[in-house]
A.B. asks: 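Structure in structure tokens, see below.
To find a chain, count down the sequence lines: A is the first, B the second, and so on, and within it residues start at 1. Predicted, not measured: the structure shown is a model, and the values here were computed from it.
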There are 2 protein chains.
Amino acid sequence: MTTRDSRERTVRSAALLFRERGVDATGMRQIVEHAQAPRGSLQHHFPGGKEQLVVEAVEWIAGKAAEPLEASLEADPAPPPRQVVAELFDRFRKLLRMTDYRAGCSIAAAVVDAGSASDAVALATANAFRRWTGPLERALARGGMEQARASRVALLVISAVEGALIMSRARHDMEPLDAVATEIDLLLSAS
Amino acid sequence: MTTRDSRERTVRSAALLFRERGVDATGMRQIVEHAQAPRGSLQHHFPGGKEQLVVEAVEWIAGKAAEPLEASLEADPAPPPRQVVAELFDRFRKLLRMTDYRAGCSIAAAVVDAGSASDAVALATANAFRRWTGPLERALARGGMEQARASRVALLVISAVEGALIMSRARHDMEPLDAVATEIDLLLSAS
DNA sequence: CGAGCGCTATGACGAGCGTCATATTCACTC
DNA sequence: GAGTGAATATGACGCTCGTCATAGCGCTCG
């Protein structure tokens with residue numbers, strides 16, 4: 001019932017707050033408050049403490065973001081890679097616009113703030129990125145791209161998105177993300 | 001004498017610590033300790049508090065990283081853009097290797113941790129990125145690339161570097177950075 | 001010599017942090 | 001309806017944080 005809801009809401013709120021303020025600057029009290037969840041359940045649901053919450057938040061947001069990618073992999077008339085990538089950029093464009101350039105990527109935040117300090121977090125972030133590059137790589141290969149190149153291009157696309165997200169946040173404008181989207185599309189067209 | 005040294009060492013240490021642990025997780029006491037600088041001078045040298053220190057650290061590291069780019073712009077036999085970019089990747093490869101994948105980019109750390117909270121930091125990070133894209137863009141344009149495209153490609157290169165840095169840190173291996181370097185070089189070859 | 005100033009030393013302040021110990025309430029089964 | 005374990009409430013713990021107030025150096029210049 002509301003019980004499992006409250007646990008899930010906590011994980012979700014953690015991910016949302018992390019991507020705006022960073023992991024370290026986000027306190028557990030703020031998380032449960034944002035989630036409208038009881039503070040008393042923190043030690044019950046997350047006995048592993050903040051580290052566990054960070055890991056679960058990373059996994060949650062990774063799944064959330066990987067869904068559309070995996071979905072388009074299984075779609076009947078498989079959409080061309082160009083379209084899959086374009087939609088990926090669109091989602092981040094919308095995120096930046098909706099939060100007035102305040103939000104970034106929760107996973108990047110976890111890497112920057114806690115990646116060097118906790119092996120568990122480092123592992124979670126590495127897996128999270130693979131959930132993005134994996135489907136993308138398969139989509140590219142199925143689109144006719146040589147396997148080794150598909151692997152590299154998938155890494156390039158995700159790297160470019162992550163980096164452009166940071167630059168657009170810093171500049172408070174969409175130019176980096178737009179420019180990167182344009183050039184990546186060009187690259188995919190020339191396949 | 002040692003006086004100005006100590007101030008500069010503090011800024012330098014701040015930048016170095018930020019890129020490993022993030023801005024928020026790095027305390028002022030740790031910074032002066034790392035810099036072997038007197039704690040008492042903090043309020044004297046940085047009356048603006050931690051925010052000022054973050055801004056100066058961002059400016060310092062941005063200059064440090066922009067130096068080679070600007071230098072190759074003024075070199076007599078101007079090196080081809082491909083080489084300039086390759087050397088850029090090499091420097092970050094070395095950084096990752098030397099710190100066992102613990103270090104990332106101080107500027108990215110500042111954006112993630114404090115970019116949304118402080119206008120001064122946001123401005124400093126935006127300017128820092130421009131100090132990288134600017135010379136790169138001019139190098140590309142001088143290499144024969146159309147101006148609008150040179151601007152986009154410069155943004156792509158820096159974005160890709162920043163993103164690959166994050167992914168390589170998370171995975172503790174060089175594959176993302178290597179893959180991105182390869183693909184970017186391919187893109188520049190096809191110019 | 002001594003006044004002034006750049007720099008440093010030191011300790012305290014209030015706030016927030018993550019964590020824990022200890023109840024208390026709730027839901028559900030025998 | 002008693003009992004049982006999951007879920008929540010509450011407050012305190014020790015620690016670190018950024019900042020500040022206050023004082024003490026060491027140097028130069030009048």
Side-chain angles (χ1 to χ4, degrees), chain A residues 1-15 17-18 20-58 109-110 112-121 124, chain B residues 1-18 20-58 106 109-110 112-121 124:
Chain A
M1 313 269 293
T2 6
T3 277
R4 272 227 105 52
D5 278 0
S6 124
R7 188 190 197 282
E8 201 173 315
R9 276 205 318 274
T10 304
V11 173
R12 190 186 100 103
S13 288
L17 291 179
F18 289 164
E20 294 203 18
R21 322 183 202 180
V23 168
D24 233 84
T26 305
M28 317 229 101
R29 290 163 174 87
Q30 307 174 33
I31 294 173
V32 292
E33 185 188 3
H34 180 275
Q36 297 189 98
R39 179 165 93 84
S41 346
L42 268 181
Q43 62 174 304
H44 183 256
H45 287 313
F46 309 96
K50 190 176 188 179
E51 185 181 60
Q52 178 183 355
L53 189 46
V54 173
V55 167
E56 294 204 24
V58 165
V112 167
D113 273 2
S116 308
S118 155
D119 288 342
V121 171
Chain B
M1 314 266 296
T2 7
T3 276
R4 271 224 105 55
D5 277 1
S6 124
R7 189 192 196 280
E8 199 173 318
R9 278 205 317 274
T10 303
V11 173
R12 190 186 101 103
S13 288
L16 299 191
L17 292 178
F18 289 165
E20 293 202 19
R21 323 184 202 178
V23 169
D24 234 84
T26 305
M28 316 228 101
R29 289 163 175 87
Q30 307 174 34
I31 294 174
V32 291
E33 185 187 5
H34 180 276
Q36 298 189 100
R39 180 166 94 84
S41 348
L42 269 181
Q43 61 175 306
H44 183 256
H45 287 313
F46 309 96
K50 190 175 189 179
E51 185 182 59
Q52 179 183 355
L53 188 44
V54 173
V55 167
E56 294 203 24
V58 165
S106 311
V112 167
D113 272 1
S116 309
S118 154
D119 288 341
V121 171

A.B. asks: Give a yes or no answer on whether the side chain of B:R9 reaches the backbone of B:Q36 with a donor-acceptor pair at less than 3.5 Å.
C.D. replies: yes

A.B. asks: Output the rounded distance in Å from CZ (A:F46) to P (C:dC20).
C.D. replies: 16 Å

A.B. asks: Rounding to an integer number of Å, can you tell me how far B:H45 NE2 sits from C:dA9 P?
C.D. replies: 11 Å

A.B. asks: What residues in residues 20-35 of chain B put a non-hydrogen atom under 4.0 Å from any atom of DNA chain C?
C.D. replies: B:R29

A.B. asks: Find the distance A:D5:CG to D:dA7:C1' and express it as a whole number of Å.
C.D. replies: 14 Å

A.B. asks: Given C:dC7, is OP1 or OP2 found less than 4.0 Å from the side-chain N or O atoms of B:S41?
C.D. replies: no

A.B. asks: So which atom in A:H45 and which in A:R7 form the shortest heavy-atom distance, rounded to 0.1 Å?
C.D. replies: O-NH2, 3.1 Å

A.B. asks: Counting only side-chain heavy atoms from C-beta out, which of D:dT22, D:dG18, D:dT8 sits nearest to B:K50?
C.D. replies: D:dG18

A.B. asks: So which nucleotide from C:dT8, C:dT22, D:dA21 ends up closest to the side chain of B:Q43?
C.D. replies: D:dA21

A.B. asks: When the distance from CD of B:Q52 to P of D:dT19 is rounded to whole Å, what number comes out?
C.D. replies: 10 Å

A.B. asks: Ignoring hydrogens, what is the shortest heavy-atom contact between A:V121 and A:A110? Give both atom names and the distance.
C.D. replies: CG1-O, 3.9 Å

A.B. asks: Measure from the side-chain N and O atoms of B:S106 to the backbone N and O of B:F18, and report whether any donor-acceptor pair falls under 3.5 Å.
C.D. replies: no

A.B. asks: Of A:R39 and A:H44, whose closest DNA chain D nucleotide lies nearer the 5' terminus?
C.D. replies: A:H44

A.B. asks: Between B:L42 (CG) and D:dG18 (P), how many Å, whole number?
C.D. replies: 10 Å

A.B. asks: In whole Å, what is the span from the CZ atom of B:R7 to the C1' atom of C:dT8?
C.D. replies: 15 Å

A.B. asks: Considering only heavy atoms from C-beta outward, does the side chain of A:F46 approach that of A:T10 to under 4.5 Å?
C.D. replies: yes

A.B. asks: Quickly, which of B:R39, B:K50, B:E33, B:Q43 forms a side-chain contact (heavy atoms from CB on, under 4.5 Å) with B:M28? Name it, please.
C.D. replies: B:K50

